[in-house]
Amino acid sequence: MEQEHKIDVRQALRAFDRITREGEKRDDGWHYQGLTASTDFDGYTVFISSAKVRLTIFFHNKYTVDYRNAFELHEFAEQLRKLDKAR
């Protein structure tokens, strides 16, 4: 889908750090407050997902985001913002 919303990559990476520090480690990644965080085999690609949205951050802060509608994306971005703000 088109990216109707810009993702703040630095904020997302700070949220990723919090999820991996405070979350529960499982086979598919770290789980924290409804989000799952994981990386590829070499750690250069980062994944953060909710039940409805999947954010992939690549090397040099390029990213893709998969979602069905703007509302779900907005909720996801708000989750990232709250995790970053509460640190």
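FYI, side chains are in, hydrogens and waters are out, and symmetry mates aren't considered; it's all heavy atoms of this structure.
The CH2 atom of Trp30 sits 10.5 Å away from the CG atom of Asp17 when rounded to the nearest 0.5 Å. Taking CZ of Arg81 as the reference point, atom NE2 of His74 lies at 8.5 Å (rounded to 0.5 Å). Atom-to-atom distance recorded for His31:NE2 and Arg26:CZ is 4.5 Å, nearest 0.5 angstrom. One distance of note links CG of Asp27 with OG of Ser38; it measures 12.0 Å at 0.5 Å rounding. In this structure, NZ on Lys85 lies 13.0 Å from CZ on Arg14, to the nearest 0.5 angstrom. In this structure, OG in Ser50 is found 8.0 Å from CD in Glu75, a value given to the nearest 0.5 Å.
Within the 4.5 Å cutoff, no side-chain heavy atoms of Gln79 are placed close to those of Gln33. Two residues are said to be in side-chain contact when any heavy atoms from C-beta on lie closer than 4.5 Å; Leu35 and Phe76 meet this criterion. At a threshold of 4.5 Å between non-hydrogen side-chain atoms, the residues Asp40 and Val46 do not count as touching. A 4.5 Å side-chain heavy-atom check between Arg21 and Phe16 finds every atom pair outside the cut-off.
Considering every non-hydrogen atom in both Glu22 and Tyr32, the closest pair reads OE1-OH, 2.8 Å.
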Task: Verdict with reasoning, Arg18 to Asp84, per side-chain contact (heavy atoms from CB on, under 4.5 Å) - done: CA-CA 8 Å; Arg18 181 157 182 215; Asp84 179 43; over 6 Å; no
Open item on the list: Apply side-chain contact (heavy atoms from CB on, under 4.5 Å) to residues Ile48 and Thr36 and explain how you reach the verdict.
Closed with: CA-CA 6 Å; Ile48 305 172; Thr36 301; over 6 Å; no
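A salt bridge does not link Asp66 with Arg54: none of the charged nitrogens is closer than 4.0 Å to a carboxylate oxygen.
Hydrophobic clustering (ILVMFWY, side-chain heavy atoms < 4.5 Å, transitive): Phe47 and Leu73 are in distinct clusters.
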Donor-acceptor pairs under 3.5 Å, side chain of residues 55-62 to any protein atom, not counting sequence neighbours: which ones?
none

